[in-house]
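Reviewing the structure listed below.
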Amino acid sequence: QVQLKESGGGLVQAGGSLRLSCTASGRTVSWYSMGWFRQAPGKEREFVARDSWSGLSTYYSDSVKGRFTISRDNAKNTVYLQMNSLKPEDTATYYCATTRVLRATTAPADFGSWGQGTQVTVSS
């Protein structure tokens, strides 16, 4: 079983940037496709970004495409989410998760292990 821990959240002004990290332990991230999700108060958890098993293909929600970038460093067992041009509507708790589902799924139910989340707050 893999354990995930997110970090890098915080308070930032609109237009600013943050880089989230997700460090895995117990198993190498190279076993998985990795995803980022977010959940705002009173809302359902939503897909943000994911990569493929190889890390060579990436997928983004329309709301973050062109602003966020997912990447990984298998040697550090860490996945990143670079967030640029942040908007107040990006405010949420951000979670990383793993999946071994082969198709390019974005459904939270297809992701098996989750971190505890890191809070991102974007002020206007």
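Counting from 1, the numbers follow the sequence of the chain as shown. Note that these values count all heavy atoms, side chains included, but never hydrogens, waters or copies made by symmetry.
In this structure, CG on L102 lies 8.0 Å from OG on S33, to the nearest 0.5 angstrom. To the nearest 0.5 Å, the span separating CZ on F68 from CG on N84 amounts to 8.5 Å. To the nearest 0.5 angstrom, L56 atom CG is 9.5 Å from R72 atom CZ. Atoms OG1 and CD, on T98 and Q3 in that order, are 10.5 Å from each other to the nearest 0.5 Å. With values rounded to the nearest 0.5 angstrom, T121 atom OG1 is found 4.0 Å from Q119 atom CD. D51 CG to T69 OG1: the interatomic distance, rounded to the nearest 0.5 Å, is 12.0 Å.
The hydrophobic cluster containing I70 also contains M83, counting ILVMFWY residues as joined when their side-chain heavy atoms lie under 4.5 angstrom apart, directly or transitively. Both W36 and V2 belong to a common hydrophobic cluster when Ile, Leu, Val, Met, Phe, Trp and Tyr are linked at side-chain heavy-atom distances under 4.5 angstrom. Clustering ILVMFWY residues whenever any of their side-chain heavy atoms sit less than 4.5 angstrom apart, transitively, puts L4 in the very cluster that holds Y32. L11 and V122 fall into different hydrophobic clusters, defined by Ile, Leu, Val, Met, Phe, Trp and Tyr side-chain heavy atoms under 4.5 Å apart, directly or through other members. Following chains of ILVMFWY side-chain contacts shorter than 4.5 Å, one can reach V48 starting from L20, so the two form part of one hydrophobic cluster.
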- Query: Checking ring pair (Phe, Tyr, Trp, His ring centres under 6.0 Å) for the pair F47/Y60: CA distance, chi angles, key distance, verdict?
  - Reply: CA-CA 8 Å; F47 166 75; Y60 299 94; 8.0 Å; no
- Message: Determine whether F111 and V101 satisfy the following criterion, side-chain contact (heavy atoms from CB on, under 4.5 Å), listing intermediate values before the conclusion.
- Response: CA-CA 8 Å; F111 287 75; V101 173; over 6 Å; no
- Query: Which is it for Q1 and S113 under the side-chain hydrogen bond (donor to acceptor under 3.5 Å, both in side chains) test, yes or no, and what are the steps along the way?
  - Reply: CA-CA 8 Å; Q1 188 76 6; S113 296; 3.2 Å; yes
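Taking all atoms of both residues into account, the shortest heavy-atom contact from G117 to T93 is CA-CG2, 3.9 Å. Taking every heavy atom of both residues into account, C22 and M34 meet most closely at SG-CE, 4.3 Å. Across R67 and S63, no two heavy atoms sit closer than the pair NH2-O, 2.8 Å. Contact between L18 and L86 at its shortest, heavy atoms only, is N-CD1, 3.9 Å. For the residue pair S85 and S17, the shortest heavy atom distance occurs at N-OG, 4.3 Å. Among all heavy-atom pairs drawn from G115 and Y95, the shortest one is O-CD2, 3.6 Å.
Screening residues 32-90 for disulfide (SG to SG under 2.5 Å) gives no qualifying pairs among residues at least two apart or on separate chains.
E6 is not listed as a side-chain neighbour of L81, based on a closest heavy-atom distance of 4.5 Å or more.
D90 and K87 are not joined by a salt bridge, as no carboxylate oxygen comes within less than 4.0 angstrom of a charged side-chain nitrogen.
For the pair S52 (side chain) and S57 (backbone), a donor-acceptor distance under 3.5 Å is present. Of the possible donor and acceptor atoms, one in the side chain of N77 sits under 3.5 Å from a partner among the backbone N and O of R27. Listed for the R38 side chain is no donor-acceptor partner under 3.5 Å among the backbone atoms of E46.
For T78, the side chain to side chain contact (heavy atoms under 4.5 Å, CB included) partners are S21, T23, K76, Y80, not counting sequence neighbours.
Under a cutoff of 6.0 Å and an axis angle of 45°, R45 and W114 form a cation-pi pair.
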